[in-house]
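Below is one structure, written out as structure tokens, with a few remarks after it.
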There are 2 protein chains.
Amino acid sequence: MNLELLTKTENQKVQNLLIIGIRDLINYKNLEPGEKLPSERMLSEKFNVTRSNIREAIRKLEFYGLLKSIPQSGTFVANIGIIALNGMIEDILRLDEPDFKSLVETRILLELKTVRLASLRRTDEDIAQLKEALDAYIDKVSNGKDAVQEDLLFHLAIAKASGNSTMNKFMLSITPEIILKFEKHHVCDDDLAQRGIDDHQAIFNAIIDKKPQLAKQKMKEHFKELYSYCYNL
Amino acid sequence: MNLELLTKTENQKVQNLLIIGIRDLINYKNLEPGEKLPSERMLSEKFNVTRSNIREAIRKLEFYGLLKSIPQSGTFVANIGIIALNGMIEDILRLDEPDFKSLVETRILLELKTVRLASLRRTDEDIAQLKEALDAYIDKVSNGKDAVQEDLLFHLAIAKASGNSTMNKFMLSITPEIILKFEKHHVCDDDLAQRGIDDHQAIFNAIIDKKPQLAKQKMKEHFKELYSYCYNL
DNA sequence: TAATCGAAATTGGTTAACCAGTATGGGTTA
DNA sequence: TAACCCATACTGGTTAACCAATTTCGATTA
């Protein structure tokens, strides 16, 4: 297991070096945006690594929108300008692994917004799905069971109802880590969960009534314990 | 090019079907969280697809934290519970491609927060990097040149100074698409850019002075045109 | 009988050969 | 001379064989 972690960071080091190499190559060759990068085979030979390594590095830069691979044609520099490209690569290289505090902080920010948007935009179908999630949550809590999962799913249903696919995606990407941490530290005890029912119900009602300000307020109250937990970590 | 798009969506369809298949398998076999999935080879045989397809589907579920592959050992169901797993897979399958409006909406939300956090947490090194980005922006605008890239880099520098790696990552991931759309539609005309200098300078000063409320206010004003553009799209 | 050791099968990851589509350039023709 | 075409080499993507680490399970031994 230790070894696995070692090789993983080792891999990332190689990948970062390759990203630097690709960046320098673009600068050195004065590749304008839209121009073609050398082929994967040439790059792998130039940097003396396997083609898989090169493809992995390209994929990462593709994820951040800096490169674009087109089958049977080549890999192209995105049309965002050389300055933005250099700056963003610099940022990507220095990007830290997200700590839990930053995850919770971001989650709260997103949720205060999504609940507001959901109050404004929710469809009847959204309401139905919210109710389903809420009922499942209430059922679990009423039976004295752990309901971390149902809790999070209700919040995800709100994100979906917000009609903002980007925030929805972001919420999805941070939820699993939050669930893991919560279940590990037993953040949600019974008393908290009991109060959670009222909170969720209030939020749900505010969304039904299309009262964005109220919904946001209720969500804020709901997060009060989470706030304190987060900053005491 | 058309064909490329076709095959891409075709691939995504296959991938979605595989994700459904994996989900059903987990449910059918009553795999508890932490348990091992059948091997990639068995899955590829069962679903009658190539092993690459299976790995791609697993990778996607791994991205969202639902599975975890461990070399020479197997692929494991994340320890988040079967209910959360089912709910999240449902959401992932229905996830729309992000539209531009949702991107801008999210960007504004993130920036109003990062600028506030940056005012509270910025280090001296952050200040130096912000100044560098600001000077580059002012220089370009003063010479009457397009400065979309320098503009965005200043905003990314703020995200970095916020000390929140999750928001920083999110900002990075939505920036390229925003740059592309902006340069395509020539959103930033000369007059706007000229005013942008004052805005940026005011934001920068507020961050230096550690005045989070003022910084947020200035950012809000800076986004006013963007708001109108976004909602008129 | 129970603990231990090790060989063989199984695992995800890696690699090199292969594929189909694309771009290129020299030769041909109008 | 210029436009066109087809053969060839090159592209990213895919696949199947390979690898090293791990797990498993049964034979062996104390």
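Per chain, numbering begins at 1; letters A, B, ... match sequence-line order. Atom set for the values below is all heavy atoms of this structure, side chains included, hydrogens, waters and symmetry mates excluded.
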**Q.** Whole-Å gap separating C1' (dT14(C)) and CD1 (I54(A))
**A.** 15 Å
Q | dT10(C) phosphate, OP1 or OP2, under 4.0 Å from S39(B) side-chain N/O | A | no
Q. Within this structure, what is the CD1-to-C1' distance between I70(A) and dT11(D), rounded to whole angstrom?
A. 11 Å
**Q.** Heavy atoms from other residues, nucleotides or ligands near CD of E45(B) exceed 12 (cutoff 6.0 Å)
**A.** no
Q: May I have the distance from L67(A) (atom CG) to dG12(D) (atom C1'), rounded to whole angstrom?
A: 13 Å
Q) Going by modelled atom types, is there a donor-acceptor pair between the base of dG21(C) and the side chain of Q72(A) at under 3.5 Å? A) no
Q: Establish, from distance only, whether the side-chain atoms of N53(B) and S44(B) form a donor-acceptor pair under 3.5 Å.
A: no
Q.
If you assign K36(B) and K36(A) each to the DNA chain D nucleotide with the nearest heavy atom, which residue ends up on the more 5' nucleotide?
A. K36(A)
Q | Comparing R51(A) and F76(A) on DNA chain C - which has the more 5′ nearest nucleotide | A | R51(A)
Q.
Rounded to whole Å, please give me the gap between CG in L43(A) and P in dG13(D).
A. 13 Å
Q: Take the angle between the ring planes of F170(A) and F170(B) and call it parallel below 30°, perpendicular above 60°, tilted in between.
A: parallel
(Q) From the set dG13(D), dG12(C), dT15(D), return the single nucleotide nearest to any side-chain atom of R55(B). (A) dG12(C)
Q. Can D126(B) and T123(B) be counted as having a side-chain donor-acceptor contact under 3.5 angstrom?
A. yes
Q: Write down the distance between CD (Q15(B)) and C1' (dG13(D)), rounded to a whole number of angstrom.
A: 15 Å
Q. Considering only heavy atoms and no angle criterion, is a donor-acceptor pair shorter than 3.5 Å present between the side chain of R41(B) and the base of dG12(C)?
A. yes
Q) Just to confirm, is there a sub-4.0 Å distance from OP1 or OP2 of dT15(C) to any side-chain nitrogen or oxygen of T50(A)? A) yes
Q. Roughly, in whole Å, what's the span from CD in E40(A) to P in dC19(C)?
A. 18 Å
Q. Can the ring centroids of Y137(A) and F154(A) be said to lie less than 6.0 angstrom from one another?
A. no
Q. Of the candidate nucleotides dC18(C), dG12(C), dG21(C), which contains the atom at the shortest distance from the side chain of T75(B)?
A. dG12(C)
Q.
As a test of reading the structure: which of dG13(D), dT22(C), dT22(D) is closest to the side chain of S73(A), going by heavy atoms?
A. dT22(C)
Q) Roughly, in whole Å, what's the span from CZ in R59(A) to C1' in dT14(D)? A) 12 Å
Q | Atom-pair distance (CG on L61(A); P on dG12(D)), nearest Å | A | 14 Å
